[in-house]
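Remember, it's a predicted structure, so these values are computed and weren't measured experimentally.
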Amino acid sequence: MWRSRARGLTLALLALSGLTLAAFSPWSHASAQRVPTTHPKARVAEHAVAQRLPNALTSGLATFTTTPVRFTIRVNDRAGGVDHRPMVYGAWDPSNGDGEVAVIAAGGGMESTYGASRVVNHHSWSLISGHWYRVGFAQQEIGQVLAVIWAIRQLGAVQAIASMNVAGTMCSGYAGQFSQTQLQSLVRKNSGELGGALVGVRRLRYRIYVGGGHACALDVRTVIASDRALNRTDWAIRFPVWGTPLAIRPPVPASVLPGPPPAGGLLPL
């Protein structure tokens with residue numbers, strides 16, 4: 001999805017709740033890294049900012065650090081003049097940092113491709129070109145969703161918009177946007193990992209809908225500086241299932257191939 005460095009933003013976000021995902025660099029060997037819990041003063045500052053948000057929204061955002069969730073992302077990314085419309089299916093358990101994603105990608109006249117990734121106990125595997133490898137992109141996809149949630153809590157300042165019925169639940173709507181200046185300010189006030197992940201993000205607009213005590217939907221539009229051009233990416237994220245326990249397991253060891261995945265396999269979006 002984003003073409004910025006999502007690894008650092010993922011780690012910085014998860015540090016806020018004392019949770020971790022394995023460190024990730026695209027198609028490098030999977031490794032484990034534990035992130036220290038955010039300093040208590042930082043938690044107090046975050047709490048103070050979050051209180052500017054409506055109570056329903058504050059409560060809904062907080063569930064991302066306490067409750068397992070399944071989500072889908074419909075992506076519309078036009079980079080390099082090519083229209084990419086991947087579909088992402090994912091799950092995230094904040095209690096242990098486990099997660100998984102499946103990606104169906106098509107665009108530019110090419111046939112659809114499929115890939116999947118899992119992170120279990122801070123180790124990662126990905127299904128690429130029909131085989132499992134010890135690399136991961138689940139952290140990137142999950143981290144980018146959580147990163148927007150984290151930024152909303154940090155920067156606040158939303159306005160109420162029309163409610164929307166999401167899968168039978170009437171959800172209250174809120175909208176906001178982050179300018180390049182705001183994002184740069186957030187970079188300066190936070191960790192180097194967070195700053196590195198936000199490099200290239202010029203603008204971010206969002207609409208979030210909450211109901212029943214959790215988020216129902218999140219629509220995001222980002223403008224990213226990449227390859228000397230500005231690329232726009234739209235996400236339509238839905239959260240259909242909250243609170244159902246996740247049982248994410250690593251692939252059978254015999255099915256995991258050694259070494260890096262082959263060139264031309266499904267790459268991170």
Side-chain angles (χ1 to χ4, degrees), residues 1-3 5-11 13-15 17-35 64-65 67-75 84-107 110-147 197 235 237-269:
M1 294 193 294
W2 289 355
R3 307 202 183 271
R5 286 171 285 177
R7 169 185 175 271
L9 186 53
T10 303
L11 296 177
L13 167 66
L14 297 175
S17 58
L19 304 173
T20 61
L21 282 178
F24 173 70
S25 178
W27 305 135
S28 64
H29 182 74
S31 61
Q33 177 176 340
R34 186 164 297 277
V35 181
F64 283 94
T65 64
T67 308
V69 60
R70 291 192 176 275
F71 60 89
T72 64
I73 312 173
R74 188 176 299 277
V75 183
H84 303 274
R85 297 177 180 268
M87 189 72 188
V88 180
Y89 301 86
W92 156 248
D93 188 345
S95 70
N96 53 21
D98 290 357
E100 63 181 351
V101 298
V103 181
I104 300 174
M110 301 175 61
E111 65 180 60
S112 296
T113 54
Y114 173 82
S117 185
R118 300 174 187 170
V119 54
V120 181
N121 194 26
H122 314 298
H123 295 280
S124 302
W125 299 265
S126 289
L127 181 66
I128 303 168
S129 300
H131 299 284
W132 288 98
Y133 295 88
R134 286 294 301 254
V135 295
F137 60 87
Q139 299 97 320
Q140 182 177 8
E141 308 301 330
I142 296 170
Q144 288 170 353
V145 175
L146 297 176
W235 308 345
I237 310 171
R238 300 296 179 264
F239 306 98
V241 181
W242 282 92
T244 300
L246 303 179
I248 302 171
R249 296 181 174 84
V252 177
S255 68
V256 180
L257 299 184
L266 182 66
L267 299 179
L269 302 175

Aromatic centroids of Phe64 and Trp242 separated by under 6.0 Å: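 Yes, they do, as the ring centres are separated by less than 6.0 Å.
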Test salt bridge (charged side-chain N to carboxylate O under 4.0 Å, His left out) applied to Arg70 - qualifying residues, sequence neighbours left out: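 Per chain and number, Arg70 pairs via salt bridge (charged side-chain N to carboxylate O under 4.0 Å, His left out) with Glu100.
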Set of residues satisfying ring pair (Phe, Tyr, Trp, His ring centres under 6.0 Å) with respect to Tyr133, sequence neighbours excluded: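 Partners of Tyr133 by the ring pair (Phe, Tyr, Trp, His ring centres under 6.0 Å) criterion come out as none, since no residue qualifies.
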Side-chain donor or acceptor of Asn96 paired with backbone N/O of Asn121 under 3.5 Å: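 No: the side chain of Asn96 does not pair with the backbone of Asn121.
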Could you tell me which non-hydrogen atom of [X] sits nearest to which non-hydrogen atom of [Y], and how far apart they are?
X	Y	result
Pro251	Val256	CG-CG2, 3.8 Å
Val88	Val103	CG2-CG2, 4.2 Å
Tyr114	Ile104	CD1-CG1, 3.9 Å

Salt bridge (charged side-chain N to carboxylate O under 4.0 Å, His left out) partners of residues 252-261, not counting sequence neighbours, each pair once: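 Listed once each, the pairs would be none.
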Within residues 238-257 or reaching into it, pairs that qualify as salt bridge (charged side-chain N to carboxylate O under 4.0 Å, His left out) - sequence neighbours excluded: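 For residues 238-257, and leaving out neighbouring residues, the salt bridge (charged side-chain N to carboxylate O under 4.0 Å, His left out) pairs sorted by first residue read Asp219-Arg238.
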Side chains of Asp93 and Ile248 in contact at under 4.5 Å (non-hydrogen atoms):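 A side-chain contact is absent here, since even the closest heavy-atom pair is not under 4.5 Å.
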Side-chain heavy-atom pair Ile128, Val135 within 4.5 angstrom cut-off: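 When only atoms from C-beta onward are counted, Val135 and Ile128 do touch, with a gap below 4.5 Å.
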Verdict with supporting geometry, Trp125 and Arg134, side chain to side chain contact (heavy atoms under 4.5 Å, CB included): CA-CA 5 Å; Trp125 299 265; Arg134 286 294 301 254; 3.0 Å; yes
Spatial distance of atom [atom1] ([X]) from atom [atom2] ([Y]) [nearest 0.5 Å]:
X	Y	atom1	atom2	result
Thr67	Trp92	OG1	CH2	12.0 Å
Arg85	Arg74	CZ	CZ	9.5 Å
Phe137	Ser117	CZ	OG	5.0 Å
Tyr89	Ile73	OH	CD1	11.5 Å

side-chain hydrogen bond (donor to acceptor under 3.5 Å, both in side chains) involving Trp132 - partner list, sequence neighbours excluded: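 Expected list: none.
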Side chain to side chain contact (heavy atoms under 4.5 Å, CB included) evaluation trace for Asp98 with Leu246: CA-CA 9 Å; Asp98 290 357; Leu246 303 179; over 6 Å; no
Check against side chain to side chain contact (heavy atoms under 4.5 Å, CB included), Ile142 and Phe71: CA-CA 9 Å; Ile142 296 170; Phe71 60 89; 4.0 Å; yes
